[in-house]
Amino acid sequence: MSAEETLAGLSKQISTCTKCPLHEGRRKAVPGEGPANAEIMFIGEGPGFHENEQGRPFVGAAGKFLDQLLAQAGVTRADVFIGNVVKCRPPGNRDPLPEELAACDEYLEAQIEAIDPGIIVTLGRFSMNKFIPGAKISKLHGQMRKVGERYVIPMFHPAAALHQAALKPAILEDFAKLPGLLREARAAQGKAAAEVKRENVMRENDKPQQLSLF
Ligand code: SF4
């Protein structure tokens, strides 16, 4: 099955999912959107009012701010996958509960596996804590780290920065650093890929010698 087919299948499952109580207030589920081969995945928290109405991620005020931040970083929204840790709207935009996060995680995991992004930008503490458990966003925001084979860059959630004026300069500054962080991650991944290629070539070169022993 192609990554596109996997994502489409997941979206279908999500649209009728009843694994947690968040489905009760769902008008439209928000599985996320973007290319199936996206290099960068942005992961937010959960749908808000407008997202629940439209079934698309980041379309309200926070979405407009995210568009502005992406433009500032030279990132085209159409080139990245944007999703959330929970796919249905928590009532009144409250924080998702641990059991809701746990119930929805298999969808996010399956999306990550299908897309296989090299870089994940987390928006807010819930998505950051999925990759870096127990971390404090006030300490880690704007700092990239390697988690498994991927690079994770924690950022404040754009909605938090809109509601708390004190966070706005920090999120603007972090997104201004994004182009440099993306270059750094790509360079490191290029080196790692070159290293794997070199090891494969060495392994291939070793084969005839091993065979000649017999
Ligand atoms: S939030 Fe996730 S787990 Fe809960 S009902 Fe929606 S899709 Fe299912």
Side-chain angles (χ1 to χ4, degrees), residues 1-38 40-67 70 77-78 80-117 119-135 137 147-148 150 152-163:
M1 199 187 283
S2 70
E4 283 89 354
E5 287 166 339
T6 303
L7 290 182
L10 286 167
S11 296
K12 208 170 163 198
Q13 280 180 53
I14 289 166
S15 69
T16 56
C17 174
T18 55
K19 285 202 307 163
C20 87
L22 293 184
H23 78 277
E24 288 163 13
R26 175 175 66 212
R27 189 170 156 81
K28 284 190 178 162
V30 183
E33 62 186 30
N37 62 350
I40 310 171
M41 201 166 167
F42 284 77
I43 306 176
E45 192 172 307
F49 175 84
H50 295 285
E51 290 77 15
N52 184 44
E53 292 293 308
Q54 297 180 37
R56 298 186 55 219
F58 285 92
V59 288
K64 287 199 176 66
F65 186 37
L66 178 63
D67 288 344
L70 291 175
R77 183 164 168 150
V80 300
F81 189 95
I82 303 183
N84 283 308
V85 286
V86 291
K87 319 298 189 191
C88 304
R89 185 190 182 204
N93 294 352
R94 65 155 169 74
D95 290 343
L97 301 174
E99 53 271 30
E100 295 159 355
L101 289 164
C104 215
D105 190 56
E106 76 167 75
Y107 296 124
L108 181 56
E109 276 297 322
Q111 288 174 322
I112 293 170
E113 198 185 320
I115 297 165
D116 194 18
I119 300 157
I120 292 177
V121 180
T122 60
L123 301 171
R125 66 194 162 104
F126 292 101
S127 53
M128 177 189 69
N129 285 152
K130 171 173 169 57
F131 301 98
I132 314 169
I137 195 156
V147 178
R150 307 181 207 285
V152 173
I153 309 172
M155 299 279 191
F156 285 115
H157 194 285
L162 282 182
H163 295 135

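Indexing begins at 1, ligand by ligand and atom by atom, following the structure's order.
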Can you list the ligand 1 atoms lying under 4.0 Å from a non-hydrogen atom of His23? 5 (S)
Among all protein heavy atoms in this structure, tell me which lies nearest to atom 4 (Fe) of ligand 1, with the distance rounded to 0.1 Å. Cys20 SG, 2.4 Å
Between Cys104 and atom 2 (Fe) of ligand 1, is there a contact where an N/O/S atom of the residue lies under 2.8 Å from the metal? yes
So which of Phe126, Phe65, Phe58, Phe42 actually passes ring pair (Phe, Tyr, Trp, His ring centres under 6.0 Å) with His157? Phe58
When you measure from atom 8 (Fe) of ligand 1 to the N, O or S atoms of Cys17, does any of those distances fall below 2.8 Å? yes
Check: Gln111 and Phe81 side chains under 4.5 Å, non-hydrogen atoms: yes
Using a strict cut-off of less than 4.0 Å between a Lys/Arg side-chain nitrogen and an Asp/Glu carboxylate oxygen, indicate whether Arg89 and Glu51 qualify as a salt bridge. no
Taking atom 6 (Fe) of ligand 1 as the reference point, the nearest protein heavy atom with its distance: Cys88 SG, 2.4 Å
What distance do Ile43 atom CD1 and Ile112 atom CD1 have between them, rounded to the nearest 0.5 Å? 4.0 Å
Drop me the distance from Leu108's CG to Leu101's CG, to the nearest 0.5 angstrom. 10.0 Å
